[in-house]
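Beneath this line is the structure, given in structure tokens, with notes to follow.
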Amino acid sequence: MKVEVDPRRRPTIIGLLVILAILAAAGPFLASNRYAIQVATLILLFAYLASGWNILSGYGGQFSFGHAAFFGLGAYTSTILFVKFGVSPWVGMLAAGLVSALLGLFIGLACFRSGLRGAYFALATLAFAEILRVIFVNWDWVGRSQGLLIQLVGDEPLLFQFTARLPYYYIALALLALVSGVALLLERLKLGYELRAIKSNEVAAAVLGVDVFRAKMWAMGLSAFFTGIGGTFYAQYLYYIEPFQVFGVGMSVDILLPAIIGGAGTVIGPIIGAAILVLLGEGTRTFFRGFAGADLMVFGVILVLVILFMPYGVMGLLGSAPKAKKESA
Amino acid sequence: MVDWQTVAQSVAGGLLLGGVYALVALGLNLIFGVMKVINFAHGTFMMLGMYASYWLFTLYGIDPYPGILLVAPLFLLLGVLVERVVVSRILDAPEHDQLLVTLGVSLFLQNLALALFKADPRSIRPLYADWSFSVGGVVLSAPRLGAFLAALALAGLFFWLLRSTDLGKAMRAAAEEREGAILVGIDVRWIYALAFGIGTALVAVAGSIVLPFFTVSPSVGETFLLTAFITVVLGGLGSFPGALIGGLLIGLVEGLGALLPGSLRQLPVFILFVLSLLVRPQGLLGSRQ
């Protein structure tokens with residue numbers, strides 16, 4: 001049973017602008033504390049990534065479990081261009097988006113043309129991410145499992161390198177504003193309506209004249225594009241990438257969880273979800289310091305509880321979305 | 001050039017491990033077939049099964065094979081418990097919610113293992129660890145051959161259970177027509193819990209029988225889970241003969257892949273998987289989605 005939260009019911013634009021304005025104003029205050037600005041940047045990055053995932057999986061209902069494929073490919077694309085060819089990561093970022101979008105279209109072609117849906121689609125995307133991981137782990141030219149280091153050049157804005165942390169914060173914020181704007185636009189465009197129609201009932205949507213394949217391909221391309229760009233940001237932020245990290249199942253989960261927790265198929269949900277998850281992650285890690293595994297145990301329990309008791313995320317609680325019936329068979 | 005002997009050796013090695021893959025996939029398929037839930041915690045139960053056998057061997061000197069008699073009922077209970085407490089609540093939820101809930105269970109259990117046993121890889125050395133048989137120039141290691149035969153025997157036992165017992169019939173009925181099964185008086189809640197329990201016991205035992213030649217660590221389940229996913233998609237989600245054939249086929253392709261340099265050995269399996277998705281998304285023996 002699918003329940004849509006009617007976008008007209010919530011003043012999403014105002015809410016989004018308020019959130020972005022607060023985040024923009026908070027930057028300088030956060031920057032006075034190195035830890036705070038890092039955590040805040042992480043929140044923005046994962047809010048951004050989850051928003052990108054949301055286009056395909058939240059609005060379109062095509063649940064991807066392998067967005068690490070686009071993330072990792074984007075990270076490697078810009079890093080290879082910079083490390084091997086001296087191309088500025090700003091150009092590399094665009095290239096990353098395009099290369100990831102191409103991969104998305106290829107995966108879309110493979111999956112949607114043969115009618116893969118639901119669990120099959122989720123497993124197929126997971127497999128694609130794993131395939132890429134195996135390729136990069138075995139590829140000498142890109143450092144195999146050691147990955148690639150980005151050489152430091154000091155404060156070079158044109159080369160996407162800053163000695164201060166604040167610029168990264170604002171870049172992440174700009175990316176988040178961009179993807180949220182696109183999502184907001186999408187909610188009002190024909191494509192957005194088509195995607196939500198496909199999500200609630202694909203066959204009915206097709207009968208009503210929606211070009212299901214075309215709509216899914218658009219969502220896939222857009223979603224992969226934004227995710228690839230996120231990969232570049234991550235690489236430039238850490239100056240280091242390796243295949244297990246960027247292509248791993250863990251990354252796919254980290255990308256999708258904020259949207260699920262906050263509310264899939266909403267503009268603000270991923271932002272709320274990312275804030276909750278990153279703070280929770282940091283909190284449990286600090287609290288359980290020295291007990292390897294304890295933080296992720298807590299995380300697992302919370303994940304189960306959230307899905308069981310608030311299946312539409314935080315936005316589902318805030319909005320007037322009817323609660324799903326949860327009865328054991 | 002690769003001589004035929006090397007190829008035959010790779011094929012044999014691959015097929016032996018393929019038997020274990022088949023057993024893992026059977027459990028996953030039982031759970032999917034009966035409950036329509038994709039169990040992300042499946043690999044985690046295998047890892048726990050390996051640890052159970054490891055401690056039985058290390059603390060009490062009980063070999064993994066007789067240890068099955070303890071591991072199987074223990075994990076049957078654990079599976080039933082997890083089903084009643086968590087999984088039974090999400091049977092009507094969207095597929096991705098089911099994925100995420102079982103992922104949460106997996107995160108919890110895997111990190112519990114990490115907290116309890118630390119990340120160090122552990123292995124056992126039973127007497128027969130280095131025994132091997134030579135068949136026509138192909139060397140078969142005893143632990144691997146044992147695992148293969150045990151996996152086939154357990155698969156046979158499972159098929160018998162499914163075909164010839166009342167419980168098996170009730171499971172198949174609940175899988176095919178839930179309302180109908182309820183109408184004829186089958187308590188499907190009980191059937192679901194048992195199906196999850198049996199699937200869990202199968203994969204835990206798969207963990208027991210690979211322990212003599214496999215190191216266990218908290219993350220070991222992930223690799224097996226991925227292989228199991230590929231196996232069931234290849235064979236057809238919910239198809240039991242498909243899981244068996246798919247497991248052997250994956251093992252075979254992986255064995256041949258071992259002739260490739262480095263860990264590119266996994267690549268042929270992935271290519272097979274993508275091709276099968278493109279050409280036959282319902283799987284080799286699956287009927288339809």
Side-chain angles (χ1 to χ4, degrees), chain A residues 1-2 57 61 63 65 107 109-111 113-124 126-128 130-135 137-138 140 144-145 248-249 253 256-257 260 264 288 291-309 311 324-329, chain B residues 32 35-38 84 86 88-116 118-119 178 182 188-189 192 218 222 225-226 229-230 232-233 237 261-267 270-271 273-274 277-282 289:
Chain A
M1 190 181 65
K2 306 283 195 307
S57 308
F63 195 88
F65 224 95
I107 295 177
L109 195 68
C111 294
R113 203 180 45 97
S114 51
L116 288 194
R117 269 187 277 180
Y120 275 91
F121 178 72
L123 293 184
L126 175 73
F128 277 106
E130 286 294 304
I131 291 173
L132 282 173
R133 184 176 62 74
V134 170
I135 290 173
V137 164
N138 287 284
D140 270 323
R144 304 180 72 100
S145 54
V249 178
V253 173
L256 67 90
L257 266 191
I260 296 289
F288 293 108
F291 296 94
D295 55 333
L296 286 171
M297 278 169 71
V298 175
F299 208 82
V301 172
I302 290 170
L303 179 58
V304 170
L305 292 178
V306 166
I307 305 285
L308 288 186
F309 297 110
K325 286 200 194 77
K326 292 276 154 201
E327 288 167 10
S328 53
Chain B
F32 181 82
M35 312 169 70
K36 304 288 174 280
V37 168
I38 294 198
R84 287 319 306 166
V86 181
S88 62
R89 297 170 195 274
I90 47 144
L91 291 175
D92 297 322
E95 273 165 340
H96 56 261
D97 281 355
Q98 300 173 339
L99 270 174
L100 290 172
V101 163
T102 53
L103 177 76
V105 171
S106 156
L107 265 178
F108 175 78
L109 291 174
Q110 187 178 328
N111 286 286
L112 180 67
L114 180 66
L116 290 176
K118 305 288 172 257
R178 185 169 131 191
I182 296 172
V188 289
R189 285 175 307 176
Y192 284 165
E222 291 170 10
L225 178 68
L226 191 72
F229 280 160
I230 294 179
V232 295
V233 172
L237 261 177
S263 51
L264 279 181
R265 62 196 314 243
Q266 288 165 284
L267 210 53
F270 289 145
I271 291 170
F273 174 68
V274 175
L277 277 180
L278 293 177
V279 180
R280 219 181 140 69
Q282 72 275 43
Q289 287 185 43

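Chain naming here is simple, since letters A, B, ... match the order of the sequence lines and numbering starts at 1 in each.
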Please set out all donor-acceptor pairs under 3.5 angstrom arising from side-chain atoms of residues 101-109 of chain B, sequence neighbours excluded.
{"from": "B/T102", "atom 1": "OG1", "to": "B/I38", "atom 2": "O", "distance (Å)": "3.4"}
{"from": "B/T102", "atom 1": "OG1", "to": "B/F40", "atom 2": "N", "distance (Å)": "3.0"}
{"from": "B/T102", "atom 1": "OG1", "to": "B/Q98", "atom 2": "O", "distance (Å)": "3.0"}
{"from": "B/T102", "atom 1": "OG1", "to": "B/L99", "atom 2": "O", "distance (Å)": "3.0"}
{"from": "B/S106", "atom 1": "OG", "to": "B/T44", "atom 2": "OG1", "distance (Å)": "3.0"}

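In this structure, the portion of B/L226 lying under 4.5 Å from any heavy atom of chain A is its side chain and not its backbone. Residue A/V306: no heavy atom, backbone or side chain, is found under 4.5 Å from chain B. Heavy-atom distances place both the backbone and the side chain of A/A124 under 4.5 Å from chain B. For A/I302, no part lies under 4.5 angstrom from a heavy atom of chain B.
Considering only residues two or more places apart in sequence or on other chains, B/E222 meets the side chain to side chain donor-acceptor pair (under 3.5 Å) condition with B/Q110.
Atoms CZ and CD1, on B/R89 and A/I307 in that order, are 14.5 Å from each other to the nearest 0.5 Å.
Among all heavy-atom pairs drawn from B/F273 and A/A127, the shortest one is CE2-CB, 2.8 Å. Between B/A115 and A/M297, the closest heavy-atom pair is CB-SD, 4.4 Å.
The shortest distance between side-chain heavy atoms of B/L267 and A/N138 does not fall below 4.5 Å.
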(request) Could you walk me through whether A/F63 and B/L100 pass the side-chain contact (heavy atoms from CB on, under 4.5 Å) test, one step at a time? (result) CA-CA 11 Å; A/F63 195 88; B/L100 290 172; 4.2 Å; yes
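Considering only heavy-atom pairs separated by less than 4.5 Å from chain B, the leading option among A/L296, A/L303, A/I260 is A/L296.
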